[in-house]
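Quick note on labels: first sequence line is chain A, next is B, and so on, each numbered from 1.
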There are 2 protein chains.
Amino acid sequence: MVTIYDIAAKANVSAMTVSKVINNTGRISEQTRKRVKKVMEELNYIPNSNARSLVLQQTQILSLLITDITNPFYTSLARGAEDSAKKLGYRLLFGNSDEDYTKEQDYVDMILSTRVDGVLFAPAGDHSLKHLEKLRAHNIPFVIMDRAVPGIESDIVSGDSKQGARNLVEYLINLGHRRIALVNGSLDVSTARLRYQGYAEALQLHGIALDEELVIHKSYREYKDEDQLLQLLQQPSPPTAIFAANNFLAVGVINALRKRGIRVPEDMSVVCFDDLDLSSALDPFLTVAAQPAYQFGAMGIQLLVERIQGSAVPESRKVILPSELIIRSSARTIGK
Amino acid sequence: MVTIYDIAAKANVSAMTVSKVINNTGRISEQTRKRVKKVMEELNYIPNSNARSLVLQQTQILSLLITDITNPFYTSLARGAEDSAKKLGYRLLFGNSDEDYTKEQDYVDMILSTRVDGVLFAPAGDHSLKHLEKLRAHNIPFVIMDRAVPGIESDIVSGDSKQGARNLVEYLINLGHRRIALVNGSLDVSTARLRYQGYAEALQLHGIALDEELVIHKSYREYKDEDQLLQLLQQPSPPTAIFAANNFLAVGVINALRKRGIRVPEDMSVVCFDDLDLSSALDPFLTVAAQPAYQFGAMGIQLLVERIQGSAVPESRKVILPSELIIRSSARTIGK
DNA sequence: AACATTAGGGTTATCGATAACCCTAATGAG
DNA sequence: CTCATTAGGGTTATCGATAACCCTAATGTT
């Protein structure tokens with residue numbers, strides 16, 4: 001690999017002069033500058049960012065840790081983050097924890113040893129606390145995405161899970177549904193708790209008793225376990241509608257229903273949080289509370305960079321992006 | 001940040017001893033080793049991989065450059081690559097070129113300056129040649145994914161686009177279709193050329209003349225331009241079936257058709273390359289030639305690491321993964 | 001004319017870790 | 001008892017780039 005010393009030798013200057021040309025600092029005559037630049041091109045010089053980072057104590061790299069790269073919500077978020085990072089002059093190091101705390105821990109160590117300038121962190125859940133504390137202990141700025149983690153104060157960009165859930169459930173109630181089931185994510189994820197609360201509030205507001213028999217808490221990703229769903233349906237007074245707490249759960253629920261010959265929406269209404277992008281483009285079927293995932297990422301990077309550059313207020317900032325109720329055809333009036 | 005010198009001072013040894021403990025090299029007594037390790041934990045030491053990379057001349061980082069992070073094909077591929085990289089002890093630096101040569105170039109420079117050990121490269125198209133040549137000029141090993149680039153010899157993992165296309169078109173022919181349109185990607189992408197060839201061969205094999213009026217070449221991502229499609233349909237002898245060269249194009253085509261009140265598959269059959277994952281899980285509708293995207297990534301990393309570690313044969317290796325024809329309901333027998 | 005500036009560039013130390021080599025006391029061999 | 005080994009660890013130089021400071025000749029000032 002060619003280094004600034006190679007350039008220096010060939011251009012008959014010192015390495016420092018080359019460095020000054022590269023960074024546009026110091027006093028260099030136009031003549032010398034041109035000569036150096038020409039040699040740089042001839043030798044195909046590419047600066048070594050490891051060496052640079054070592055002395056500058058900064059890398060111009062941000063890390064984005066998401067929990068599921070196959071989920072459209074996170075890939076849209078990633079694109080928002082990437083575009084925003086690029087605009088601000090940062091590179092992005094992606095990580096994918098697969099909703100797995102062990103993988104998440106590995107990534108945190110990797111992040112620390114890479115000395116990234118900051119982290120956009122979508123936590124797997126409440127137990128991510130110690131990973132965030134580790135980042136903080138090492139003074140790495142971070143912004144939390146999507147899921148709040150009790151016990152940690154920080155900038156965060158999230159959706160309005162409670163309100164979104166309320167909107168969906170009220171929509172179902174307005175269609176005449178009274179027995180509404182909730183297929184939720186794990187309760188150690190903040191969004192799952194809030195969606196549960198929104199669900200409960202909507203019911204209460206309309207004088208409907210919350211029946212815990214109608215609520216399942218599993219994981220946002222285990223959308224293939226059908227046993228619990230079966231139990232749900234075999235109750236004396238089964239639900240007429242199901243609120244799935246995210247897109248993957250909705251797909252799992254609908255698949256399971258169809259396998260049993262239960263049609264959606266004819267026999268069962270289904271709504272969910274998060275849109276499906278391509279799916280919905282192909283077939284506008286699922287009624288959802290869609291979140292502006294791209295904005296999540298773009299906004300997150302912006303907050304993060306402000307934090308890194310010290311231009312942010314000292315207090316932590318909470319950005320809550322509203323979700324949009326998109327009514328399609330997976331739910332219908334009860335009885336008809 | 002804590003360095004090995006801090007550890008050394010507190011443990012009353014030299015920095016070199018700490019380094020030896022970390023890397024398990026040299027001769028260190030069990031007693032000293034334990035003492036050093038204890039101090040490392042107390043101080044929460046994390047090695048600086050930039051410093052390490054500088055002297056070792058290797059980073060343990062691989063780069064994965066894809067062309068569209070919102071396409072399920074590439075996200076599955078990314079997961080395969082990630083799992084495989086992790087297993088082999090490498091970190092993964094993602095990049096997303098958005099099918100844009102300029103972005104791709106930026107990423108190549110970034111990759112070079114990061115001094116990654118190797119690159120898994122999904123090229124935007126034929127003009128990626130100069131980017132690959134640049135990598136080669138700098139002696140960075142790479143494996144090409146999905147799309148071959150004329151003019152460059154290298155390891156490559158790709159699908160069998162020609163065969164997959166033939167299968168799809170023959171399937172349509174067997175259903176009785178004779179007027180079959182092709183909505184293709186840009187011809188400066190190898191897979192688009194091969195899918196076109198497969199399409200042509202299938203027609204020829206069955207004695208059907210290829211009518212260029214039925215062929216559109218656009219981009220794999222511009223699936224929203226409906227004008228050309230309109231022309232296609234307004235011909236004297238319009239097509240009865242459409243072969244879309246990838247999943248996004250299929251979605252665009254179907255949307256455009258529906259907007260005009262043309263039903264799929266009743267009025268028009270549609271098939272395509274690449275599956276839609278979530279969509280297909282929700283609604284097994286599109287008949288597709290599905291590629292094993294996860295294997296693409298996993299296999300790619302494996303080839304790459306073999307290349308890096310010098311355990312590969314000197315000749316470049318071409319891995320071709322077959323696609324699978326999945327028949328669902330977006331195409332039907334003509335006339336019925 | 002004498003001194004102060006400044007343009008243009010060079011020297012040296014440093015970031016954190018490791019390779020290559022060196023050193024010393026203790027142990028072993030004969 | 002004497003010399004050779006070895007266990008255990010330390011010294012020094014190096015990776016590539018930059019910060020901080022230094023140096024010299026030319027230019028400007030009064």
Which angle, rounded to 10°, do you find between the first-five-pair axis and the last-five-pair axis of the helix from C:dA1-D:dT30 to C:dG30-D:dC1? 40°
Under 3.5 Å, is there a donor on one side chain and an acceptor on the other for B:Asp146 and B:Tyr74? yes
Table please: side-chain donor-acceptor pairs of residues 147-154 of chain B below 3.5 Å, with sequence neighbours left out.
{"unit_1": "B:Arg147", "atom_1": "NH1", "unit_2": "B:Glu99", "atom_2": "OE1", "d": "3.0"}
{"unit_1": "B:Arg147", "atom_1": "NH1", "unit_2": "B:Pro123", "atom_2": "O", "d": "3.2"}
{"unit_1": "B:Arg147", "atom_1": "NH1", "unit_2": "B:Ala124", "atom_2": "O", "d": "3.0"}
{"unit_1": "B:Arg147", "atom_1": "NH2", "unit_2": "B:Glu99", "atom_2": "OE2", "d": "3.0"}
{"unit_1": "B:Glu153", "atom_1": "OE1", "unit_2": "B:Ser316", "atom_2": "OG", "d": "2.5"}

Which residue pairs satisfy the salt bridge (Lys or Arg N to Asp or Glu O under 4.0 Å) criterion with at least one member in residues 75-90 of chain B, sequence neighbours excluded? A:Asp98-B:Arg79, A:Lys103-B:Asp83, A:Asp106-B:Lys86
So the salt bridge (Lys or Arg N to Asp or Glu O under 4.0 Å) pairs with at least one residue in residues 50-72 of chain B (sequence neighbours excluded) are B:Asp68-B:Arg221
What is the minimum heavy-atom distance between A:Ile140 and A:Val116, and which atoms define it? CD1-O, 4.0 Å
Ring pair (Phe, Tyr, Trp, His ring centres under 6.0 Å): which pairs involve residues 81-103 of chain B, sequence neighbours left out? A:Phe94-B:Phe94, B:Tyr101-B:His127
Pairwise salt bridge (Lys or Arg N to Asp or Glu O under 4.0 Å) hits with a residue in residues 133-143 of chain A, at least two apart: A:Asp109-A:Lys134
side-chain hydrogen bond (donor to acceptor under 3.5 Å, both in side chains): which pairs involve residues 39-49 of chain A, sequence neighbours left out? A:Lys10-A:Glu42
Please identify the 5'-most and 3'-most nucleotides of DNA chain D with any atom under 4.0 angstrom from a heavy atom of chain A. D:dG16 to D:dA20
Taking only residues two or more places apart in sequence, or in another chain, which ones meet A:Asp188 in a salt bridge (Lys or Arg N to Asp or Glu O under 4.0 Å)? none
Can any side-chain N or O of A:Ser76 pair as donor or acceptor with the backbone N or O of A:Pro72 at less than 3.5 Å? yes
Considering only residues two or more places apart or on different chains, which pairs with a residue in residues 295-316 of chain A satisfy ring pair (Phe, Tyr, Trp, His ring centres under 6.0 Å)? A:Phe73-A:Phe296
Near-strand residues of residues 39-58 of chain A, defined as heavy-atom separation under 4.0 angstrom from DNA chain C: A:Leu54, A:Val55, A:Gln57
In residues 11-33 of chain B, what residues come within less than 4.0 Å of DNA chain D, judged by heavy atoms? B:Val13, B:Ser14, B:Met16, B:Thr17, B:Lys20, B:Arg27, B:Ile28, B:Ser29, B:Thr32
For the residue pair A:Asp6 and A:Thr3, establish whether any side-chain heavy-atom pair is separated by less than 4.5 Å. yes
